[in-house]
Chemist: 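Okay, handing you the structure first.
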Amino acid sequence: MTGDTIMQQAGVTTARPSVTPSWAARELGLKRGEFDVAVMLGRIRTVGEAPGEQRRVAREEIDRVRGDKGCLDALRAGVRVVGTTEGAELMHITTARFTRLARAGFLTPVKFYLNRYRTVVWLYLAEELKHFAASELNAALLKGRLPETMRGRLEEGQDLRARNWRGRHAGFLLRQSADPWERVAVMASLLDPVQIAEIVRDPYERAYINRLKPAPRSGQGAPGAPESPGARIVEKLTTADDPDEIRWLRSSLLIGLVQARAQRPAPRPSRSAPRADHESSHVTEWTAPADTAAVEESRGLMKWLRRRKP
């Protein structure tokens with residue numbers, strides 16, 4: 001046996017490939033829902049090998065998390081999620097007040113699912129609820145009458161739970177996405193197809209963005225069969241409907257497109273026959289669409305985006 005062969009075998013033996021999220025969750029003794037929340041909060045790091053492919057977990061990351069039992073116990077406590085009833089008990093308030101606080105935007109859901117009756121069940125981080133209830137700044141919201149302005153908006157039907165969840169979910173996806181086209185796909189995933197078509201005029205770019213769109217996982221609003229009643233409910237919850245939210249997403253999408261195009265063009269079908277140099281250049285070169293309204297919208301919103309609170 002030669003020295004090269006020995007080195008190759010040693011390399012195979014010592015290599016530590018990454019594993020799928022499901023495998024990593026089993027090795028850590030976590031439920032898949034707990035693992036997904038841990039990844040969302042940045043407490044378990046994942047790696048991406050190529051745009052659009054499933055992210056994986058390095059062996060070194062698994063060793064880091066389970067190396068300290070106290071760390072693993074703290075991780076489980078930190079990713080614990082509760083519904084309205086249990087959340088209200090943690091905060092020592094009624095379920096009615098808890099729901100009103102959530103609808104008013106004071107409590108942000110971390111995930112949701114549809115129950116057997118296709119009712120949306122919002123879930124919250126238990127750790128966040130405890131911190132909210134413990135803060136003296138929120139004492140007035142936990143007892144007595146709620147502020148008159150807040151009551152008026154709630155009576156008019158205000159419900160910010162879906163919008164706040166979309167904002168949180170988008171932030172998580174953007175933190176995981178280093179590729180500019182993936183970041184564009186994150187923004188596009190929260191807009192309806194009409195909004196996307198108005199901004200992304202190139203059909204090959206739209207097809208590429210659709211391919212890179214993140215799909216909801218089980219426990220994160222996975223809708224089941226396409227076109228089913230559940231799928232339509234999930235689509236409504238995951239699509240922006242607030243005017244300010246839509247303007248911010250449209251502007252972010254437009255800016256992201258400029259950055260993505262500058263790095264690399266979207267994939268296109270290869271031509272079967274060679275063309276003249278000048279003709280080939282005309283076909284492959286991207287020309288900005290005559291979408292002056294979108295460009296003006298982006299310029300006008302830049303100041304608004306700078307003023308927007310983080």
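By convention here, the first residue in the shown sequence is residue 1. Since we're looking at a predicted model, the values are computed, not measured.
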Chemist: Are V19 and I62 side-chain neighbours, meaning at least one heavy-atom pair lies under 4.5 Å?
Modeler: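 Side chain of V19 against side chain of I62, heavy atoms only: contact under 4.5 Å found.
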Chemist: Hey, could you give me each pair passing ring-ring contact (aromatic ring centres under 6.0 Å, His included) that has a residue in residues 174-205? Not counting sequence neighbours.
Modeler: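 Of all non-adjacent pairs touching residues 174-205, those that pass ring-ring contact (aromatic ring centres under 6.0 Å, His included) are W181-Y208.
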Chemist: Apply the test salt bridge (charged side-chain N to carboxylate O under 4.0 Å, His left out) to residues R261 and D202: give CA-CA distance (whole Å), side-chain angles for both, the deciding distance (0.1 Å), then the verdict.
Modeler: CA-CA 12 Å; R261 288 163 178 162; D202 189 309; over 6 Å; no
Chemist: With sequence neighbours left out, write down each residue that passes side chain to side chain donor-acceptor pair (under 3.5 Å) with D192, or none if nothing qualifies.
Modeler: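 With sequence neighbours excluded, D192 shows a side chain to side chain donor-acceptor pair (under 3.5 Å) to no residue whatsoever.
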Chemist: Please collect all side chain to side chain donor-acceptor pair (under 3.5 Å) contacts where either partner lies in residues 149-160, sequence neighbours excluded, each pair once.
Modeler: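 Qualifying pairs: D159-R161.
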Chemist: Please list all pairs passing the salt bridge (Lys or Arg N to Asp or Glu O under 4.0 Å) test where one or both residues lie in residues 114-125, with sequence neighbours left out.
Modeler: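 Matches after skipping sequence neighbours: none remain.
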Chemist: If you measure from CZ on R163 to CG on D241, what distance do you get to the nearest 0.5 Å?
Modeler: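 It comes to 9.0 Å.
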Chemist: Restricting to salt bridge (Lys or Arg N to Asp or Glu O under 4.0 Å), what partner residues turn up for R43, sequence neighbours left out?
Modeler: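 Salt bridge (Lys or Arg N to Asp or Glu O under 4.0 Å) check on R43 returns E127.
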Chemist: So which heavy atom on R206 is nearest to which on R201, and how close?
Modeler: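 For R206 versus R201, the nearest heavy atoms are NH1-O, 3.1 Å.
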Chemist: Could you tell me if the side chain of V82 sits less than 4.5 Å from the side chain of L123, heavy atoms only?
Modeler: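 L123 does not reach V82 side chain to side chain.
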Chemist: For a quick test of reading the model, state the closest non-hydrogen atom pair linking I44 to E61 and the distance between them.
Modeler: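 Looking at all heavy atoms of both residues, the shortest contact is CA-OE2, 3.6 Å.
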Chemist: Side chains of V120 and L114, heavy atoms from C-beta outward: is any pair under 4.5 Å?
Modeler: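 V120 vs L114: side chains touch.
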Chemist: Please, which pairs that meet ring-ring contact (aromatic ring centres under 6.0 Å, His included) have at least one residue in residues 62-105, sequence neighbours excluded?
Modeler: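 Every pair satisfying ring-ring contact (aromatic ring centres under 6.0 Å, His included) with a residue in residues 62-105: F98-Y124.
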Chemist: Provide the full list of side chain to side chain donor-acceptor pair (under 3.5 Å) pairs with a residue in residues 99-110, sequence neighbours left out, each pair given once.
Modeler: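 For residues 99-110: none.
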Chemist: Could you work out, with side-chain contact (heavy atoms from CB on, under 4.5 Å) as the rule, every residue matching R97, not counting sequence neighbours?
Modeler: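 Expected list: I93, T94, L101, L146.
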Chemist: I'd like to check the side-chain contact (heavy atoms from CB on, under 4.5 Å) partners of L174; sequence neighbours left out, ordered by chain and number.
Modeler: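 R183, V186, M187.
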Chemist: State the CG-CG distance between L160 and D242, to the nearest 0.5 angstrom.
Modeler: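 The distance works out to 8.0 Å.
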Chemist: Can you find a pair of side-chain heavy atoms, one from Q176 and one from M40, that are under 4.5 Å apart?
Modeler: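 No; the side chains remain at least 4.5 Å from each other.
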Chemist: Evaluate I196 against I209 for side-chain contact (heavy atoms from CB on, under 4.5 Å), listing each step before the verdict.
Modeler: CA-CA 10 Å; I196 298 172; I209 291 170; 5.5 Å; no
Chemist: Check the angle between the aromatic planes of F112 and W165 and answer parallel, tilted or perpendicular using the 30° and 60° thresholds.
Modeler: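 Judged by the thresholds at 30° and 60°, the geometry between F112 and W165 is perpendicular.
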Chemist: Just wondering, more than 12 heavy atoms not from R264 lying within 6.0 Å of its CZ?
Modeler: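 Enclosed: over 12 neighbouring heavy atoms sit under 6.0 Å from CZ of R264.
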Chemist: I need the minimum non-hydrogen distance between L90 and A126, along with the two atoms involved.
Modeler: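 So the two residues come closest at CD1-CB, 3.8 Å.
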Chemist: Could you go through the side-chain contact (heavy atoms from CB on, under 4.5 Å) check for W122 and V81 one step at a time?
Modeler: CA-CA 10 Å; W122 295 104; V81 296; over 6 Å; no
Chemist: What are the two closest non-hydrogen atoms of L75 and L30, and how far apart are they?
Modeler: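 In terms of heavy atoms, the two residues are closest at CD2-CD1, 4.0 Å.
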Chemist: Search all heavy atoms of L72 against all heavy atoms of L28 and return the closest pair with its distance.
Modeler: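 Nearest pair, atom of L72 first, then L28: CD2-O, 3.7 Å.
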Chemist: Would you compute the distance between atom CG of D36 and atom NZ of K31 and round it to the nearest 0.5 angstrom?
Modeler: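 Taking CG in D36 and NZ in K31, the distance rounds to 13.5 Å.
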Chemist: Working to the nearest 0.5 angstrom, can you tell me the gap between T95 OG1 and E86 CD?
Modeler: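 Between atom OG1 of T95 and atom CD of E86 there are 13.5 Å.
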Chemist: Could R80 and E34 be called an ion pair, given the rule that one side-chain N must be under 4.0 Å from one carboxylate O?
Modeler: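 Result for this pair is no, no salt bridge flagged.
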Chemist: Please give me the minimum heavy-atom distance between A170 and L190, naming the atom from each residue.
Modeler: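 What the structure gives for the nearest pair is CB-CD1, 3.6 Å.
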Chemist: Atom CZ of R250 and atom CG of L254: how far apart are they, to the nearest 0.5 Å?
Modeler: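 Answer for the CZ-CG pair, R250 versus L254, is 8.5 Å.
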Chemist: Counting N and O atoms only, with roles assigned by atom type, does the side chain of E182 sit under 3.5 Å from a partner on the main chain of S177, one being a donor and the other an acceptor?
Modeler: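 No: the side chain of E182 does not pair with the backbone of S177.
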Chemist: Would you say the side chain of L125 lies within less than 4.5 Å of the side chain of V37, judging by non-hydrogen atoms?
Modeler: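 Counting from C-beta outward, V37 and L125 do come under 4.5 Å.
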Chemist: Go through the structure and list residues passing side-chain contact (heavy atoms from CB on, under 4.5 Å) with N115, not counting sequence neighbours.
Modeler: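 With neighbours one apart ignored, the set is Y113, Y117, T119, V121.
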Chemist: Between S18 and R59, is a side chain to side chain donor-acceptor pair (under 3.5 Å) present by the stated rule, with each step listed?
Modeler: CA-CA 6 Å; S18 58; R59 283 286 181 183; over 6 Å; no
Chemist: Tell me whether E128 is salt-bridged to R168, with the criterion being a basic N under 4.0 Å from an acidic carboxylate O.
Modeler: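 Salt bridge flag = yes for R168 with E128.
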Chemist: Between R45 (side chain) and V39 (backbone), is there a donor-acceptor pair under 3.5 Å?
Modeler: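 Checking the backbone N and O of V39 against the side chain of R45, no donor-acceptor pair under 3.5 Å is found.
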Chemist: Hydrophobic cluster membership, with links at side-chain heavy-atom distances under 4.5 Å among I/L/V/M/F/W/Y: are V47 and W23 in one?
Modeler: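 No.
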Chemist: Please answer whether the main-chain N or O of G256 pairs with a side-chain N or O of Q259 as donor and acceptor at a distance below 3.5 Å.
Modeler: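 No; judged by distance alone, with no hydrogens or angles, the pair does not exist.
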Chemist: In residues 129-143, what donor-acceptor pairs under 3.5 Å come from side-chain atoms, sequence neighbours left out?
Modeler:
residue : atom : partner : partner atom : Å
S135    : OG   : L137    : N            : 3.3
N138    : ND2  : F132    : O            : 2.9

Chemist: Mind checking what makes side-chain contact (heavy atoms from CB on, under 4.5 Å) contact with A240, not counting sequence neighbours?
Modeler: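 Expected list: R166, E245, I246, L249.
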Chemist: May I ask you to test the R32-S22 pair for a side-chain heavy-atom distance under 4.5 Å?
Modeler: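 Result yes, sub-4.5 Å side-chain heavy-atom pair found.
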Chemist: Is there side-chain contact between R247 and S252, with at least one heavy-atom pair below 4.5 Å?
Modeler: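 Side chain of R247 against side chain of S252, heavy atoms only: no contact under 4.5 Å found.
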